[in-house]
Amino acid sequence: MENKKTILWFRRDLRVEDSILLSIKAKEVLPIFIFDKAILKSLQKDDKRVDFIFKQIEKLKISLQKIGLELVVFYAEVVDVFVYLKSLGYEEVYASVDYDNYALARDKKVEELLTLHRLNDCYIYEPNEVLKADASAYVVFAPYYKLAKTLYTKEHALKYEFSNSKLSNFENIDKIHEIENQTIILKPFAIASINFKKNSIVYEDSKVKLSRLKDKIASYIERRDYVYEQATSNLSVDLRFGTISIRAILRELIKLKKLGFETEGFFRQLVFRDYYAYLLYHFPILHTKDFRKCINYEFNEDYYNSFITANTGIPIVDAGISELITTGNMHNRVRMIVASFFCKHLLLPWQKGEQFFAKYLMDYDAASNILSWQWSSSTGIDAQPYFRIFNPYSQSKKFDKDANYIKMHLPFLKDIKAKYLHDENFLFNNEIENYPKPIVEHKFASQRFLNSVRK
DNA sequence: GAGACTTTAGC
DNA sequence: CTAAAGTCT
């Protein structure tokens with residue numbers, strides 16, 4: 001290792017502070033980031049995530065310069081980048097783990113070219129760290145969590161320091177290196193060079209969000225489901241791209257605990273995120289297939305189109321879809337409500353809903369998204385029991401009592417009394433300007449779903 | 001507002 | 001035996 005030319009491949013860890021990648025000791029290192037053509041080609045040119053990532057890459061480049069390094073940015077197919085770097089004498093690459101199908105297939109191809117070292121930078125635990133006595137994986141969260149807690153040590157929250165490795169010599173370091181047909185094309189360092197549009201959104205700094213956790217943590221468990229309140233951490237997008245280290249969050253929790261705050265509820269949610277990545281790692285079939293229960297889905301295109309255009313006539317559902325499309329985010333409780341509605345009331349296959357979320361969510365994470373949809377549809381491992389069907393009206397009444405969330409995202413409903421927006425009878429029997437009547441009736445849809453479960 | 005509904009891993 | 005992001009009566 002000592003004499004090798006080493007690539008540090010940033011992907012889900014777009015930061016300098018507390019980076020396992022930068023703690024790697026090597027003779028000379030080349031930090032890189034790849035705008036993957038295989039992924040980008042399927043996205044719309046104004047995709048908010050690409051804009052977000054580009055802005056993080058600009059920040060990362062500057063942060064790396066401050067410690068004597070540079071970031072080389074590629075716009076290419078991943079394999080083409082490593083063929084090129086191999087031709088320049090690079091022999092090994094370090095990168096954070098990624099367990100979704102696309103990432104696994106991509107990494108396998110990279111491994112055929114160079115030595116790939118995987119780093120567990122994104123999760124608290126290693127995938128084989130929390131296992132049953134017979135060394136198999138847990139399929140129920142409660143016992144997984146119980147063991148995970150007892151295994152948790154200070155080491156899990158360790159802060160990694162920069163190894164002071166020296167930068168490898170590389171030309172045109174300030175350009176974007178596009179590779180097309182084995183040819184390098186040098187382009188200016190701008191989002192237009194990867195054929196995407198700049199967005200005017202200003203993203204909140206992850207450290208600011210983390211510092212705000214102190215004000216939220218005490219009431220987190222009690223308030224996090226109230227969809228109009230800013231009671232959640234909003235850190236999911238930072239965990240997705242590694243603009244904050246999971247260990248930095250753990251250290252913050254340790255600090256808050258010392259100050260006397262009850263932090264376990266939030267910690268448990270972080271472990272849930274770990275657990276979902278762990279399940280996808282141990283049971284890759286979950287990517288696409290129903291695991292436990294099977295549902296006789298019917299793909300009704302009218303239902304689907306009503307759903308994705310926020311025209312189901314159920315206010316909480318349409319408000320959620322509206323939030324997703326306009327902001328790239330959706331409150332977690334609303335994600336559960338709309339996913340349940342999609343699978344159970346509309347009898348649409350969860351995979352279609354998962355893909356729809358994937359298209360818009362800023363914090364899109366394959367493991368969290370797939371496993372959450374599998375939970376909602378009652379088809380996954382440790383999923384919601386199939387007979388438990390969310391009543392969207394009860395849910396909105398409970399978690400958006402004054403309909404503030406609904407009215408924020410569907411402003412044309414602002415003059416309707418909140419209680420009517422949670423009232424199925426009212427919505428069925430009254431005309432609302434510019435708004436359709438509900439496309440399904442709750443009781444009918446629930447019954448239809450139960451009849452569609454293959455036992 | 002307490003109890004029924006209902007499944008099953010894991011200890 | 002316990003636990004699991006709920007609903008309905």
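What you see below is based on every heavy atom in this structure, not just the backbone, and it leaves out hydrogens, waters and symmetry mates. Letters A, B, ... mirror the listed sequences (proteins, then strands); counts begin at 1.
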Roughly, in whole Å, what's the span from OH in Tyr144(A) to C1' in dA4(C)? 17 Å
Assign Arg224(A) to base, sugar-phosphate, or nothing according to its heavy-atom contacts below 4.0 angstrom with the strands shown. base
His442(A) NE2 to dG6(C) C1': how many Å, rounded? 10 Å
Of the listed dT7(C), dG10(B), dA5(C), the closest approach to the Val139(A) side chain comes from dG10(B)
Phe399(A) CZ to dA5(C) P, straight-line distance once rounded to whole Å: 12 Å
With rounding to the closest Å, how many angstrom separate the P atoms on dT2(C) and dG3(B)? 16 Å
Searching all strands shown, indicate the nucleotide that pairs with dT9(C) (Watson-Crick or G-U wobble; both distances under 3.5 Å). dA2(B)
Between C1' on dA9(B) and CG on Asp134(A), what's the gap in Å once rounded to a whole number? 12 Å
Centroid-centroid distance, His117(A) to Tyr94(A), less than 6.0 Å: yes
Interatomic distance, Phe291(A) CZ vs dT7(B) C1' [rounded to whole Å]: 15 Å
Syn/anti state for dA4(C) [syn: chi within 90° of 0]: anti
Does OP1 or OP2 of dG10(B) have a side-chain N or O of Lys132(A) closer than 4.0 Å? yes
Give me the ring orientation class for Trp373(A) and Phe357(A): parallel if the planes are under 30° apart, tilted from 30 to 60°, perpendicular past 60°. perpendicular
Nearest whole Å is fine: how far is dT6(B) C1' from Asp382(A) CG? 15 Å
Rounded to whole Å, how long is the line connecting atom OH of Tyr276(A) with atom P of dA4(C)? 13 Å
ring-ring contact (aromatic ring centres under 6.0 Å, His included) between Phe272(A) and Tyr145(A), intermediate numbers included: CA-CA 8 Å; Phe272(A) 237 115; Tyr145(A) 180 60; 8.3 Å; no
With a 4.0 Å limit, can you tell me whether Gln395(A) has a side-chain N or O closer than that to the phosphate oxygens OP1/OP2 of dA5(C)? no
Anything under 30° is parallel, anything over 60° is perpendicular, the rest tilted; go ahead and classify Tyr304(A) against Phe299(A). tilted
Residue of the set Arg247(A), Arg12(A), Arg11(A) for which salt bridge (charged side-chain N to carboxylate O under 4.0 Å, His left out) holds with Asp121(A): Arg247(A)
Need one value for Pro143(A): base, sugar-phosphate or nothing, where a base atom within 4.0 Å counts as base even if backbone is also close, heavy atoms only. sugar-phosphate
For Tyr138(A), which contact category applies under a 4.0 Å heavy-atom criterion: base, sugar-phosphate, or nothing? sugar-phosphate
Looking at the side chain of Val140(A), which of dG6(C), dG10(B), dA4(C) is the nearest nucleotide? dG10(B)
Phosphate contact (dC8(C) OP1 or OP2) by Asn391(A) side-chain N/O below 4.0 Å: yes
So Phe387(A), base contact, sugar-phosphate only, or nothing? Heavy-atom distance under 4.0 Å. base
In whole Å, what is the span from the CD atom of Gln269(A) to the P atom of dA4(C)? 12 Å
